[in-house]
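One structure below.
Below, read A as the first sequence line, B as the second, and so on, with proteins coming before strands; counting in each chain starts at 1.
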Amino acid sequence: MTIHLAARPADTLIVFDFETTGLSPDMGDRSIEIGAVLIENGQITRRFQQLMNPGVRIPLFIENLTGITNRMASEARKNAEVMQEFFEFIDGHNLVAHNASFDERFLRAEFKRIKRSFNGGIACSLLASRRLFQQAPNHQLVTLVEYKNLPSEGIYHRALADAEITAHLWLSLLEELQTRHELAAPSFAFMAQLCKTPKHQLPKLLSAAAQV
DNA sequence: TGCCAGGCCCTCTTTAGGGCCTT
């Protein structure tokens with residue numbers, strides 16, 4: 001698989017999270033909230049959060065899960081307008097999400113509707129956590145907050161809150177590589193490679209990187 | 001109203017099945 005990396009500093013990226021009406025854009029599900037943070041030099045320097053009005057009904061299960069009601073969505077701006085703003089917020093940066101394959105499907109589906117496309121790299125904090133935090137009870141975001149004592153307001157299933165937690169998780173993963181595996185400032189390209197490296201090949205990847 | 005997907009990853013595997021994750 002070819003990874004197309006955006007022309008940005010390796011330590012500068014955007015962590016994002018969608019709240020949606022369900023699990024599959026191919027089945028008609030839509031985004032109802034986008035949250036994102038920009039990480040620069042190990043710090044969150046910008047934040048983005050917007051509710052969206054997708055024009056479809058939000059299931060009761062999702063209302064209860066997220067606290068985002070049909071009334072809230074109906075009073076929000078249309079998806080197209082918000083997603084155009086988010087496209088501009090991304091501004092060519094590489095992206096990170098927890099279980100990124102899920103958020104990437106919604107990102108591409110929403111961008112396709114406004115005739116935009118994302119050509120940067122997307123890395124996954126879930127896949128990286130499974131490799132670097134193998135002793136964690138599981139790799140749900142809520143579990144990893146407790147396992148790694150990550151900063152959290154105790155809010156879950158809201159886009160900005162989950163994006164901020166994922167950002168702290170990502171920084172924790174980078175710290176793990178730097179302290180335990182003695183890698184100097186792992187690049188985004190290295191993290192993307194780590195995400196797709198089979199577990200049994202991890203020691204080889206890490207030892208090779210440590211010698212660079 | 002109720003339901004839906006898909007990629008990863010392990011194993012009792014690879015001509016497969018099922019749990020984990022995301023909403």
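- Comparing the P positions of B:dT15 and B:dC21 gives an interatomic distance of 27 Å, to the nearest angstrom.
- A:Arg108 has its CZ atom 21 Å from the P atom of B:dT22, to the nearest Å.
- Residue A:Asp103 is out of contact with every strand shown, counting any heavy-atom pair closer than 4.0 Å.
- What separates CG of A:Asp26 from C1' of B:dG6 is a distance of 9 Å, to the nearest Å.
- If you take CD of A:Glu63 and P of B:dT23, they are 17 Å apart, rounded to a whole angstrom.
- Rounded to an integer number of Å, the gap from CZ of A:Phe133 to C1' of B:dC20 is 18 Å.
- Between A:Leu23 atom CG and B:dC20 atom P the separation is 16 Å, expressed in whole Å.
- Taking the C1' atoms as reference points, B:dG17 lies 10 Å from B:dC12, given to the whole Å.
- If you check B:dC21, B:dA5, B:dC9 against the side chain of A:Leu127, the one that comes closest is B:dC9.
- Residue A:Ile34 contributes atom CD1, which lies 16 Å from atom P of B:dT22 at whole-angstrom precision.
- To the nearest whole angstrom, the two C1' atoms, one in B:dC4 and one in B:dT22, are 14 Å apart.
- Using modelled atom types, no side-chain atom of A:Glu33 and backbone atom of A:Ile68 make a donor-acceptor pair closer than 3.5 Å.
- In summary, the side chains of A:Thr21 and A:Asp29 do present a donor paired with an acceptor at a separation below 3.5 Å, with no hydrogens or angles considered.
- Projected onto DNA chain B by closest heavy-atom contact, A:Arg57 and A:Asp162 fall at different nucleotides, the more 5' of which corresponds to A:Arg57.
- Closest to the side chain of A:Leu126, from the set B:dT23, B:dA5, B:dC21, is B:dC21.
- Using modelled atom types, one finds a donor on one side chain and an acceptor on the other under 3.5 Å when comparing A:Asn138 with A:Thr143.
- One N or O on the side chain of A:Asp162 and one on the backbone of A:His157 form a donor-acceptor pair closer than 3.5 Å.
- Comparing B:dC9 with B:dT14, their C1' atoms are spaced 13 Å from each other, to the whole Å.
- Using a 4.0 Å heavy-atom cutoff across all strands shown, A:Phe106 reaches no nucleic acid atom at all.
- Between A:Phe102 atom CZ and B:dC20 atom P the separation is 18 Å, expressed in whole Å.
- For the pair A:Lys204 and A:Thr197, the minimum side-chain heavy-atom distance is 4.5 Å or more.
- Listed candidates were B:dC8, B:dG6, B:dC21. Nearest to the side chain of A:Gln140 is B:dC21.
- Checked against B:dG6, B:dC8, B:dT23, the side chain of A:Arg131 finds its nearest nucleotide in B:dC8.
- Listed for the A:His139 side chain is no donor-acceptor partner under 3.5 Å among the backbone atoms of A:Ser125.
- Distance check on atom C1': B:dG19 versus B:dT13 gives 15 Å, rounded to whole Å.
- For A:Thr20, the listed nucleotide lying nearest its side chain is B:dT23; candidates were B:dT23, B:dC21, B:dC10.
- Rounded to an integer number of Å, the gap from CG of A:Asp17 to P of B:dC21 is 16 Å.
- OP1 or OP2 of B:dC20 has not a single side-chain nitrogen or oxygen of A:His139 nearer than 4.0 Å.
- Rounded to the nearest Å, the gap between the C1' atom of B:dT23 and that of B:dA5 is 11 Å.
- OP1 or OP2 of B:dC10 sits under 4.0 Å from a side-chain N or O of A:Lys199.
- Nearest-nucleotide mapping onto DNA chain B: of A:Asn138 and A:Asp29, the residue sitting toward the 5' end is A:Asp29.
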